[in-house]
There are 2 protein chains.
Amino acid sequence: MDTSTKAISDILQSKGISPSLHRIKIYQYLMTHRTHPNVDTIYKELVNEIPSLSKTTVYNTVKTLAQKGILLELTIDSTESRYDADIHPHIHFRCTSCGNIYDIEYNLLNIKGLEKLERATIEGHQIHSSHIYLYGICKNCLTRHSKKTQN
Amino acid sequence: MDTSTKAISDILQSKGISPSLHRIKIYQYLMTHRTHPNVDTIYKELVNEIPSLSKTTVYNTVKTLAQKGILLELTIDSTESRYDADIHPHIHFRCTSCGNIYDIEYNLLNIKGLEKLERATIEGHQIHSSHIYLYGICKNCLTRHSKKTQN
DNA sequence: TTCAATGCAAATTTTTTGCAAAGTC
DNA sequence: GACTTTGCAAAAAATTTGCATTGAA
């Protein structure tokens, strides 16, 4: 995956988004940090590097990128939107203990045809996109908890 | 489906929720209106019948019922939570044109094993619940639109 | 009378909006 | 110079909180 400024700039231009410094930096941040951050996190992580950055610009940018289809808006949290530059079809799992969000590949589940969910027609409804959210306790938290109860 | 006050009251009590009038009415409303309403809608629909109702109580109640597992909180919308008293495993489809949310049964999709998503262990992560959200244009809006373009 | 449920108002949080200033071609 | 992008402050919208009041066992 090429996350150079040039590559990012090209992607933006190919989608008709003029590659301003702020947009490049925000998209680059999301490309290199697959933690599904919210607007506040993106802003705080970048404002030191780009002191002129405002949160409004982060809001504007993620909205534009999502509308153009190069960014996913996740509603896995009820309180805030999170963003994912990885737009290939995959599943999101949120640990209800630590709050981390993990990517899960379709092929890890023994469920055939999941990818057909998008672009299907069901009862006359035309599907354009899908989101699968899983909730539970992640590996790390399970381990941490079992260690704690052992002592 | 029994949506009598007695039946609702029994369900609440079986979950350790004391069946106050407000809770009964809110749950009853959600049982009989499968439109996946948000808090504001529930409040506005009930406040005429129960003038003493406050929005805080609606918030408190849906949170309690969701925590006790007899209500689903849907995050299909990025801006607000919606609620569903139908807790049997199914999929939600939101029309991006009219905003309506439709229930989709698992068996309408030719995907075997979807129900296994919940209660699975994936890469060491323990799954407890899942939400599948589909987005697109609903049958009604497709028809409406094609009529419009025909004229 | 004790404890839980409720209502109100204020606070908090997330997101949007209006508009002026700055930047770009 | 025209058009777009950005920043700031205010507004809007959703939700939570503190606390006093009400209500029920």
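We name chains A, B, ... by the order of the sequence lines, and we start the count at 1 in each one. Just so it is clear, the model here is predicted, and its values are computed rather than measured.
The distance between atom CG of A:Leu12 and atom P of D:dT5, rounded to the nearest whole Å, is 11 Å. If you measure from atom CD1 of B:Ile42 to atom P of D:dT15, you get 10 Å, rounded to the nearest angstrom. We find that CD of B:Glu73 is positioned 13 Å from C1' of D:dT16, with the value rounded to whole Å. Residue A:Glu80 contributes atom CD, which lies 13 Å from atom P of C:dT16 at whole-angstrom precision. Rounded to whole angstrom, the span from the CD1 atom of A:Ile50 across to the C1' atom of C:dG23 amounts to 15 Å. A straight line from NZ of A:Lys55 to C1' of D:dT6 spans 16 Å, rounded to a whole angstrom. Going from atom OH of B:Tyr43 over to atom C1' of D:dA13 covers 16 Å, rounded to whole Å. Here the P atom of nucleotide D:dT21 and the CG atom of B:Leu53 are 21 Å apart, to the nearest Å.
When the options A:Thr64, A:Val58, A:Leu65 are evaluated for a side chain to side chain contact (heavy atoms under 4.5 Å, CB included) with A:Thr61, the one that passes is A:Leu65. Checking B:Asp84, B:Asp86, B:Asp103 one by one against B:Arg34, the salt bridge (Lys or Arg N to Asp or Glu O under 4.0 Å) holds for a single residue, B:Asp86.
Look at B:Ser20 and you'll find a side-chain N or O under 4.0 angstrom from OP1 or OP2 of C:dT6. The phosphate of C:dT15 (OP1 or OP2) has a side-chain N or O of A:Tyr59 nearer than 4.0 angstrom. Contact check, A:Ser18 against C:dT24: no side-chain N or O comes under 4.0 Å of OP1 or OP2. One finds a side-chain N or O of B:Ser81 lying less than 4.0 angstrom from the OP1 or OP2 phosphate oxygen of D:dT15.
Between A:His92 and A:His131, the distance from one ring center to the other does not fall under 6.0 angstrom.
Salt-bridge annotation for A:Lys139 and B:Glu123: absent, with no side-chain N of the basic residue lying under 4.0 Å from a carboxylate O of the acidic one. Under the 4.0 Å criterion applied to side-chain N and carboxylate O atoms, A:Glu118 and A:Lys116 are not assigned as salt-bridge partners.
Within 3.5 Å, no donor on the side chain of B:Ser54 pairs with an acceptor on the base of C:dC8, nor the reverse.
For A:Arg23, the listed nucleotide lying nearest its side chain is D:dT6; candidates were D:dT6, C:dA5, C:dT15. With C:dT6, D:dT6, C:dA9 as the candidates, the nucleotide lying closest to the side chain of B:Thr61 is C:dT6. Each of C:dT6, D:dC8, D:dT15 was ranked by its minimum atom distance to the side chain of B:Val39; first place goes to D:dT15.
Comparing B:Thr79 and B:Asn60 along DNA chain C, the residue whose closest nucleotide (by nearest heavy atom) sits nearer the 5' end is B:Asn60.
Within 4.0 Å (heavy atoms only), B:Ser78 reaches no atom of the nucleic acid at all.
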